[in-house]
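No hydrogens, no waters, no symmetry mates; every other heavy atom, side chains included, goes into these values.
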Amino acid sequence: MSEERRSLNFIEQIIEDDLSNGMSKDHLRFRFPPEPNGYLHIGHTKAIGISFGLGEYYNAPVNLRFDDTNPAKEEQEYVDAIKRDISWLGYQWDKVLFSSDYFQQLYDWALLFIKEGKAYIDSQTSEAMAEQKGTPTQPGVDGPYRNRSVAENLDLFERMKAGEFSEGEHILRAKIDMQHPNMLMRDPIMYRVINKAHHRTGNDWCIYPMYDWTHGESDYIEQISHSLCSLEFKPHRELYDWFLDHVVDSKKIRPKQREFARLNLSYTIMSKRKLLKLVEDGIVNGWDDPRMPTISGLKRRGYTPAAIRKFVETVGVAKRDNVIDVSLLEFCIREDLNKIAPRVMAVLDPVKLVVTNYPEDKEEWFDAENNPEDENAGFRKVPFSKNLYIERADFKEEASSKFFRLKLGGEVRLKNAYIVKANHVEKDASGTVTEIHCTYSEDASKKVKGTLHWVSISHAITAQVREYDRLFNNEAPDAHADKDFMDFVNPNSLKTITAFVEPSLKTAKIGERYQFQRLGYFNVDNDTTSANLVFNKTVGLRDTWAKVKPKQNETQQKQPQQNNRPPIEQIKSYGKKYDRMPEDKQAKAKAEIIELAQQVSYDDVAPLFNTSVKKSGTRIITMITLGVLLKNGLEKNEAVTAFISKALEDKNTLLVEEAKALTAL
RNA sequence: UGGCCUAUGGUGUAACUGGCAACACGUUGGUUUUUGGUACCAAAGAGUCUAGGUUCGAUCCCUAGUGGGCCAACCA
């Protein structure tokens, strides 16, 4: 068992507290409740990881419950896909359940609510009801049907269920409080009429319960102990509890809803609706397109369940908004693949390399290590011959000593084979190198700086390689009020090339993952046939050389993040560090403060006059700001003079100096 | 009549519940290397949004302010 005290996240903390307050460990039960209206994405992975992870940790059951209360959006295809994805991630649910399993129970409870005067039928248009609902800052007002008699409500509700009304004519609302500060409590809708076939209950029902009415009750029916969801449901908690209050049997487990911050990833979007649009508009080739942030997309891209689970675990659980950098996801997949992916040689952008002193008809088969990280991975044979391909980027006619690869007159090792020296190049009319002529030496013990991968032209097989770039060329495509996320779609997110790969790959199977040495990780795509090998680039290797190359386009955008804080707040933020700054920075800060102080009023600074004596930094910046105010015509009052004269007696010379400057004004 | 969340290096999470801010990613050096990968070593980078209070002591508790987020679907 874990020994080093692992720090608990706030949810684990809540559970531990419940446990130590007498809750039995076997009453622990969790659930993951997706709506089957789309595919699961990397964001869901966090929710899955939390609930299923808790299940594994406490050895408690976790239900997979499909929240299928809206037949207009839900489809069997999605429930199948969701099950597939969760299983692929390696999680095991206890039971597969559906909210629709509880339609009868929910209906019976609704009847009870009506009888107790806790619910009523409203027969207005949705517009009229929206009107009465008020706004976040304005209370709502009661509607005309709010005080219908129980008998009438019962009659209407039964007729709703019987299909006597069309959509929109009547709905059932909880009777709570139209003036409630929480908008969700202003008589929320419990049932509406939907005349659509449900993917499971068919035409049995034409009234369907709303999310709020369904969710907590479903948790209760399943005896879920902790119902975990993302932060945007926080306001729903009050309603969740209100509904529960009226049905709960105190001898049973009363579920608790608790909320965590959802996962955001840079350069991508997480909304099912928007992902659906990418699919429908043909921006990508389906939900499992390797560029999609869906679980099935990541799977097809070559990600492993282990990497995704590691990612989720690393990301942690808290309540503040976050944007996780994709580089963390990439780190996780590289870390996993490095250990398990067999190495192989492939040339993506070939240039011919002729070994002039190697016999035309000779071939040799060298041993090549399958995975240096795994002693048991063994070796394979790779063929060598006179005519080879190497990567075009691995040769330069002339280059500095920083360039470890092949240059004219330079030597380089061909991985698993000989050391060669480049002597001569052939070019076409446009000056592009068409052939590099080199000579090999048998002496393998020589020290050379660079090692290149290569393939023998006559032995190589061709393969289609799909390289992916991020789908959006903006860090937060979702987060711009003035622009649509579609404006940020990267038109060049897919590059298809024909590559030459070593012959051992002839037998590669769909789904297998390889490292193309010095290039990255690649997996065999589903589109592969016996005649056509297709690879997806999962992720490149870490490339420190690529980083030193681009010198000029280095000064890229580092958005001068706009500061929304009022001037006085910005000035205050200098306070703490001001007297610790080196002189040059201090001068800059002071200039900045003086600038900002132009927009500051006396009322802004006055509260800072009684800053405690030990905070000299804050007092200095206050003094500077005050100076600007005085110059701009502010009259000294008692508070000002007191502040200045007190500063004059301070130990801090900087402060004294600033104060002196003001005595003259 | 607005309510509720939230604030710690570039990013994400910690800080044993009040005891001199740690881990991971990223960045920068270096060592090893038949992958400019991996591994290993090292460094830089925050003094915890601001002010006040409680305290011997505050990232942690209280108050106020400021910034950010969520809430007005017959969606979930």
Requested in this report: Just say parallel, tilted or perpendicular for the rings of A:Y211 and A:H236, cut-offs at 30° and 60°.
Outcome: perpendicular
Report task. For nucleotides B:C16 and B:A7, find the distance between their P atoms and express it as a whole number of Å. Result -> 15 Å
Query - Span that lies between the C1' atom of B:U11 and that of B:G26, in whole angstrom - result: 8 Å
Query raised in the report: What residues, two or more places apart in sequence or in another chain, satisfy salt bridge (Lys or Arg N to Asp or Glu O under 4.0 Å) together with A:E391?
Result: none
Query raised in the report: Can you tell me how far P in B:A14 sits from the matching atom in B:G30, rounded to whole Å?
Result: 35 Å
Query raised in the report: For A:K319 and B:U6, is the shortest distance between a side-chain N/O and OP1 or OP2 below 4.0 Å?
Result: yes
Query raised in the report: Would you say the side chain of A:M210 lies within less than 4.5 Å of the side chain of A:T69, judging by non-hydrogen atoms?
Result: no
Report task. Provide the distance between the two C1' atoms, one in B:U50 and one in B:C56, to the nearest whole Å. Result -> 25 Å
Query raised in the report: From B:U50, B:U13, B:G36, pick the nucleotide closest to the side chain of A:N322?
Result: B:U13
Requested in this report: Return no unless some side-chain N or O of A:T544 is found under 4.0 Å from OP1 or OP2 of B:G37.
Outcome: yes
**Report entry** Main-chain N/O of A:T451 paired with A:R518 side-chain donor or acceptor, under 3.5 Å
**Finding:** yes
**Report entry** Pair of N/O donor and acceptor under 3.5 Å linking B:U34 base with A:E369 side chain
**Finding:** no
Report summary line: Judged by whether its glycosidic angle lies within 90° of 0, B:G10 is anti
Report task. Using a cut-off of strictly less than 4.0 Å, decide whether A:T69 has a side-chain nitrogen or oxygen near OP1 or OP2 of B:A76. Result -> yes
**Report entry** A:D177 CG to B:G2 C1', straight-line distance once rounded to whole Å
**Finding:** 13 Å
Report task. For B:C71 and B:C61, measure between their P atoms and round to the nearest Å. Result -> 27 Å
Report summary line: Atom CZ of A:F233 and atom P of B:A76 are separated, to the nearest Å, by 10 Å
Requested in this report: Report yes if at least one side-chain N or O of A:R565 is closer than 4.0 Å to OP1 or OP2 of B:G65; otherwise report no.
Outcome: no
**Report entry** Phosphate OP1/OP2 of B:U34: any A:R405 side-chain N/O under 4.0 Å
**Finding:** no
Requested in this report: Output yes when at least one side-chain N/O atom of A:K576 is less than 4.0 Å from OP1 or OP2 of B:U50, else no.
Outcome: yes
**Report entry** Whole-Å C1' distance, B:U32 and B:U17
**Finding:** 44 Å
Query raised in the report: Has the side chain of A:Q570 got a donor or acceptor atom sitting under 3.5 Å from an opposite partner on the base of B:U50?
Result: no
Query - Atom C1', compared across B:G47 and B:G3: separation rounded to whole Å - result: 34 Å
Requested in this report: Answer yes or no: side-chain N or O of A:R320 and base N or O of B:U8 forming a donor-acceptor pair under 3.5 Å.
Outcome: yes
Requested in this report: Examine the base of B:G37 for any acceptor or donor lying under 3.5 Å from a partner atom in the side chain of A:E373, and report the outcome as yes or no.
Outcome: yes
Query raised in the report: Looking only at side-chain N and O atoms, does A:T137 come under 4.0 Å of OP1 or OP2 in B:G3?
Result: no
Requested in this report: May I ask you to evaluate whether A:R237 reaches the phosphate of B:C70, defined as a side-chain N or O under 4.0 Å from OP1 or OP2?
Outcome: no
Query - A:F103 and A:W205 aromatic ring geometry - parallel, tilted or perpendicular at 30°/60° bounds - result: perpendicular
**Report entry** Closest-nucleotide 5' rank along RNA chain B - winner of A:L8 and A:L452
**Finding:** A:L8
Requested in this report: Would you mind telling me which residue lines up with the more 5' stretch of RNA chain B, A:R186 or A:G575, judged by nearest nucleotide?
Outcome: A:R186
Requested in this report: Run the ring-centre check on A:F233 versus A:H215 and record whether the distance is less than 6.0 Å.
Outcome: no
Query - Spacing of the P atoms in B:A21 and B:G29 (rounded, Å) - result: 28 Å
